[in-house]
Amino acid sequence: MPELPEVETVRRELDAWLPGRRITRAVRVDAPRGPKYARLQRASGQRIEGVDRRGKFLLLPLSGGDELIVHLGMTGVISDRDPGEHVRAKLMLSGRSRRQLYFQDVRRFGRFLVVKAGVYDGLPTLAAMGPEPLDPSFNPAMLHVGLQRSGAPIKSCLLSQKPVAGLGNIYIDEALWRARIHPRTAARRISKIKTARLHEAIVSVLRQSLEASGTTLSDYRRVDGEEGEFAEQLDAYGRAGLPCRRCDHPLSHDTIGQRSTCFCGRCQR
DNA sequence: CGAGTGCCCTGACAGC
DNA sequence: TGCTGTCAGGGCACTC
């Protein structure tokens with residue numbers, strides 16, 4: 001499932017060639033009507049001014065004062081080649097190369113919509129998005145303040161995107177494993193010492209995954225169709241029953257916040 | 001307002 | 001072979 005490293009990988013690829021191009025036509029293809037593709041046709045005729053990211057959302061400011069918002073959901077793939085099936089939206093672009101942009105999304109959890117720039121009324125998670133973990137200003141004190149606001153299990157708290165942006169099921173399990181924090185620990189009970197460890201774990205796992213162009217488990221692909229290479233470096237996610245790489249104890253599996261969770265019952269306390 | 005639950009959606013896979 | 005059931009989960013609507 002695309003999380004920050006995957007979305008940032010896609011952002012960088014798009015940022016290399018999209019800005020400055022005009023969207024000659026934006027169309028829904030076999031996409032449901034409704035809020036996930038709201039006002040997409042408004043992008044037609046506008047120039048793409050940049051490719052930004054907040055958490056797992058891609059934000060493309062447009063010349064007409066609008067913003068194209070893309071969320072990959074579970075199975076969203078942005079491609080510069082026609083994937084053939086499950087294409088939900090398509091951007092025809094100006095420019096001699098005739099390059100186009102396809103949004104493929106098998107399970108339809110993704111979004112591809114246009115809003116007035118910065119107006120996120122229908123997107124409460126984006127509107128309340130926490131700090132960017134790879135921004136140099138992100139520090140343990142900020143994380144601690146965010147965690148203090150919640151009595152929920154740390155796993156659920158991080159899924160909310162409020163204490164920090166861009167983490168999903170995979171990197172939360174990885175970060176908690178690295179920081180040796182049990183996923184059921186109430187967020188506000190996490191000490192400053194452990195919060196500092198968690199901060200370091202979040203930043204390191206995201207940087208390392210980004211270095212590997214993200215994690216491909218099944219659906220995620222880069223714009224050129226290549227896979228991310230971080231899956232082989234996962235220590236927790238998907239390793240239930242396998243020995244912990246730190247203490248050899250078999251990893252446990254549990255469901256927290258309706259999410260499958262893997263952790264070491266011995267060294268995560 | 002915070003926490004918890006149901007829901008969307010489709011393919012992969014296990015079991016019979 | 002072909003069917004059924006289960007699982008995967010990000011974000012939102014809704015309830016308490």
Side-chain angles (χ1 to χ4, degrees), chain A residues 1-8 10 28-38 53-59 69-78 83-89 103-113 115 119-130 133 145-176 183-190 206 209 214-221 227-228 231 234 236-241 253-263:
Chain A
M1 46 266 26
E3 303 178 28
L4 190 148
E6 292 77 32
V7 178
E8 176 62 17
V10 170
R28 278 189 274 206
V29 184
D30 185 25
R33 296 201 175 279
K36 290 182 176 179
Y37 294 83
R53 180 189 57 74
R54 274 293 276 140
K56 304 172 204 169
F57 290 83
L58 286 172
L59 309 174
I69 297 186
V70 182
H71 195 292
L72 301 177
M74 289 285 295
T75 56
V77 173
I78 291 181
E85 49 184 5
H86 308 306
V87 173
R88 309 300 177 199
F103 182 58
Q104 179 196 41
D105 185 21
V106 172
R107 281 155 79 178
R108 302 174 189 262
F109 278 30
R111 289 143 215 265
F112 204 95
L113 67 150
V115 301
V119 180
Y120 305 138
D121 293 340
L123 301 156
T125 302
L126 177 57
M129 190 71 66
V145 169
L147 299 186
Q148 287 303 110
R149 286 197 259 263
S150 171
I154 182 65
K155 169 98 187 204
S156 309
C157 178
L158 292 173
L159 281 168
S160 77
Q161 310 296 299
K162 286 177 183 169
V164 56
L167 299 182
N169 210 32
I170 296 175
Y171 298 108
I172 291 174
D173 280 10
E174 294 301 307
L176 293 175
R184 279 203 192 276
T185 312
R188 69 166 61 104
R189 290 186 184 275
I190 294 176
L206 294 179
S209 179
T215 300
T216 296
L217 295 175
S218 56
D219 298 285
Y220 163 69
R221 291 293 185 282
E227 299 189 356
L234 296 175
Y237 182 87
R239 299 195 71 248
H253 180 271
D254 204 350
T255 299
I256 304 174
Q258 293 171 305
R259 295 293 176 263
S260 174
T261 302
C262 296
F263 64 100

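Only a predicted model underlies this, so the values are computations on that prediction, with no experimental measurement involved. A note on names: the letters A, B, ... follow the listed sequences, proteins ahead of strands, and every chain is numbered from 1.
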Closest approach of [X] to [Y] (non-hydrogen atoms, all atoms of both residues):
X	Y	answer
A:Gly257	A:Ser156	CA-OG, 3.9 Å
A:Phe112	A:Ala89	CD2-CB, 3.8 Å
A:Arg108	A:Asp30	NH1-O, 3.3 Å
A:Thr215	A:Glu6	N-OE2, 2.7 Å

Using a cut-off of strictly less than 4.0 Å, decide whether [X] has a side-chain nitrogen or oxygen near OP1 or OP2 of [N].
X	N	result
A:Arg111	C:dG11	no
A:Gln161	C:dG11	yes
A:His86	B:dC9	no
A:Ser260	C:dA8	yes
A:Lys36	C:dG11	no
A:His71	C:dG11	yes

Point to revise | Pairing of A:Arg111 and A:Asp105 as salt bridge, 4.0 angstrom limit | key: no

Review point. Can you name the residues that form a salt bridge (charged side-chain N to carboxylate O under 4.0 Å, His left out) with A:Arg184, not counting sequence neighbours?
Key: A:Asp254

**Study point:** Qualifying residues under salt bridge (charged side-chain N to carboxylate O under 4.0 Å, His left out), relative to A:Arg239, sequence neighbours excluded
**Key:** none

By the 4.0 Å heavy-atom rule, please label [X] as base, sugar-phosphate, or nothing.
X	answer
A:Pro2	nothing
A:Leu217	nothing
A:Met74	base
A:Leu72	nothing

Review point. Can you check whether A:Lys56 reaches A:Leu72 side chain to side chain, under 4.5 Å on heavy atoms?
Key: no

[atom1] of [X] versus [atom2] of [N]: gap in Å, rounded?
X	N	atom1	atom2	value
A:Asp121	C:dC12	CG	C1'	15 Å
A:Asp105	C:dG11	CG	C1'	13 Å
A:Asp219	B:dC13	CG	C1'	15 Å
A:Tyr220	C:dG10	OH	C1'	17 Å
A:Arg107	B:dG11	CZ	P	10 Å
A:Leu126	C:dG10	CG	C1'	13 Å
A:Met1	C:dG11	CE	C1'	15 Å
A:Glu85	B:dT10	CD	C1'	12 Å

Interface polar pairs with nucleotides 14-16 of chain C, N/O, under 3.5 angstrom:
none

**Study point:** A:Pro124 vs A:Thr255, nearer the 5' end of DNA chain C by closest nucleotide
**Key:** A:Thr255

Check your understanding: What string of B, S and - do you get for nucleotides 1-7 of chain B, 5' to 3', when a contact is any protein heavy atom under 4.0 Å?
Key -> --SSBB-

Check your understanding: Using the C1' atoms of five pairs at each end, what's the angle between the two axes of the helix from B:dG2-C:dC16 to B:dC16-C:dG2, to 10 degrees?
Key -> 40°

Point to revise | With sequence neighbours excluded, residues passing ring pair (Phe, Tyr, Trp, His ring centres under 6.0 Å) with A:Phe263 | key: A:His182

Check every atom of [options] against the side chain of [X] and return the nucleotide holding the closest atom.
X	options	value
A:Thr125	C:dC12, C:dA8, C:dG10	C:dC12
A:Glu3	B:dT10, C:dG10, C:dA8	C:dG10
A:Arg108	C:dG11, B:dC9, C:dG10	B:dC9

Whether [X] side chain and [Y] backbone form a donor-acceptor pair below 3.5 Å:
X	Y	value
A:Asp219	A:Met74	no
A:Gln104	A:Arg88	no
A:Asp173	A:Cys262	yes

Review point. What is the ring orientation for A:Phe103 with A:Tyr37, classed by angle as parallel under 30°, tilted 30 to 60°, or perpendicular over 60°?
Key: tilted

